[in-house]
Amino acid sequence: MARKILISAENIKQIYGEQIVLDFDRFYLYEGEKVGLVGVNGAGKTTLLKVLSGKLAPSSGTVKLNCVPFYFEQFGTGDSYYETDYAEAGKMGVGDQLWQENVSGGEDTRIRLAELFSSQSAVAFLDEPTSNLDSAGVEILKKRLKEIESMVLISHDRDLLNEVCDRIVEVSFGELNFFNGNYDDYLEQKEQLRKSQYAEYENYQSEKRRLESVYRQKKAKAKSVAKKPRNISASEAKTIALCGNRKPEDKARSMEKSAENVLKRIEHMEVKEKPKEEPVARPDFRLTNPPRNPIVIRGEHLTFGYDERLIFDDADFMIRNGSKVALVGENGAGKTTLIELIDKREGVYVVPGAKIGYARQNMSQIDLNKTVLENVRNVSIQKESIARIILARLLLTERDIQKKASELSGGERMKLSFAMLFVSDVNLLILDEPTNYLDIPSIEALERLLKEYEGTLLFVSHDKTFVNNVASERMFIKDGKIISL
């Protein structure tokens with residue numbers, strides 16, 4: 001039995017000024033499908049979500065909705081709290097917050113999600129629903145989204161895309177590419193496609209080289225045939241030609257024509273571009289003069305709090321040199337407090353040779369009046385060629401690095417701050433929610449650099465996949481204690 005089509009979008013174009021944001025033939029959402037939208041920031045994911053949900057009319061094309069849409073915005077207003085079902089709010093852990101005048105960002109997100117779950121028959125259109133949620137909130141969200149029958153989801157949380165999606169749609173240069181399965185399946189299919197493209201490129205190059213060799217041989221042979229043989233007179237050459245079937249010049253013309261035919265074959269070959277590969281150069285970590293101590297950070301009997309609230313109560317911990325440690329725990333447990341104490345060397349011991357580089361959320365280390373490249377040059381101890389490669393590996397283009405920092409998006413500024421750390425003299429990195437503002441390709445690029453990083457890394461992240469891919473160890477903060485996992 002054929003499944004019901006809930007959304008039919010055909011011949012869609014969305015144009016803003018002179019920019020074509022979307023340009024695709026068709027998109028169908030079938031009953032029971034859970035689709036994840038992926039692509040770099042600015043690719044058009046949110047625009048597509050608005051078009052599919054009927055929230056935005058396309059510049060051209062048709063969208064037919066055979067469903068009741070519920071649109072969850074990344075940055076909502078919270079004006080409709082009074083419409084939220086109390087029982088659903090309770091399941092999201094915010095029943096008591098419905099009547100509060102002020103709520104936190106995480107509480108606002110949970111309340112607005114509870115409103116969605118109050119409308120079980122609706123098709124969900126979700127734009128970054130994990131924003132402001134802690135790990136516990138994300139786990140609740142996963143469980144609840146599995147109860148929804150049909151949805152279209154934008155998220156940079158790859159674990160969420162793996163848990164709930166059965167189809168991935170990649171938005172790239174306004175076009176849509178479709179992949180069956182979850183995010184891991186999408187990555188596997190993309191890798192197979194890359195290998196296939198590389199094989200096609202190699203075959204194309206091999207055949208082109210063969211034909212070029214044939215062309216050169218035929219040209220050389222035509223030239224040699226056209227020449228009068230050495231050590232014979234013109235009359236003798238004429239006599240030899242008369243005895244044969246064809247004149248030398250006729251043979252030469254025939255070979256020239258054959259060579260031209262080969263050249264035409266080369267010109268009409270379908271060109272296969274070489275798949276882009278990431279530059280592999282990395283910074284020379286020895287220039288940071290890293291410490292050799294086996295333990296670089298130690299906390300003993302750490303007790304700290306604000307006013308009457310105790311955050312750490314006689315807590316002990318240590319961080320080994322070269323380890324990559326993820327700080328985990330619920331919101332308010334003290335993760336950011338601990339990294340602030342370490343950065344200030346307050347109440348904890350940090351070895352003298354450790355030079356701390358702290359990537360703060362406000363990115364205050366960036367000079368907004370200077371270009372990307374100038375910001376990097378100001379702090380770099382590496383060769384400029386290495387600095388440029390680090391910027392490229394963080395997906396900042398040659399055009400991007402000539403921009404003033406004030407012109408960058410939030411995600412681009414985050415990538416600049418990371419590049420500045422990687423090329424500076426620091427040898428101990430502290431990152432607070434480094435995946436905020438980043439799209440999935442940028443998160444994966446950052447992961448690759450951090451996995452190669454030779455220094456000590458301490459970071460806080462609610463991105464489960466990021467933690468799993470980067471961390472060699474975890475420290476869990478709960479009830480004033482710090483527990484190594």
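Any value given below was found using the heavy atoms of this structure, including those in side chains, with hydrogens, waters and symmetry copies removed. Just so we're clear, the structure is a prediction, and the values are computed from it rather than from any experiment.
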Has the side chain of [X] got a donor or acceptor atom that lies under 3.5 Å from a matching backbone atom of [Y]?
X    : Y    : value
T130 : V138 : no
K355 : S424 : no
N321 : V296 : no
S53  : L49  : yes
S323 : V325 : no
K481 : D313 : yes
K464 : R158 : no
R167 : L29  : no
D307 : R309 : no
N162 : D184 : yes

Between [X] and [Y]: side-chain donor-acceptor atoms closer than 3.5 Å:
X    : Y    : result
E340 : Y358 : yes
E88  : S118 : no
N203 : S206 : no
R474 : N468 : yes

If every non-hydrogen atom of [X] is compared with every non-hydrogen atom of [Y], which pair is closest and at what distance?
X    : Y    : result
R298 : M318 : NH1-CE, 3.2 Å
L395 : A445 : CG-CB, 4.2 Å
P129 : T109 : O-CG2, 3.3 Å
I295 : V351 : O-CG1, 3.4 Å
D367 : A405 : O-CB, 3.6 Å

More than 12 non-hydrogen atoms from neighbouring residues, nucleotides or ligands closer than 6.0 Å to [atom1] on [X], yes or no?
X    : atom1 : value
Q402 : CD    : yes
E330 : CD    : no
F178 : CZ    : yes

Check whether Y437 forms a cation-pi arrangement with R413 (NZ or CZ under 6.0 Å from the six-membered ring centre, at most 45° off the ring normal).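 Negative - R413 is either too far from the ring of Y437 or too far off its axis.
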Validate the cation-pi geometry between R448 and F422: distance from NZ or CZ to the six-membered ring centre under 6.0 Å, angle to the ring axis within 45°.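 No, R448 does not sit over the ring of F422.
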Can you tell me how far CD1 of I140 sits from NZ of K142, rounded to the nearest 0.5 angstrom?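 Here the interatomic distance stands at 12.0 Å.
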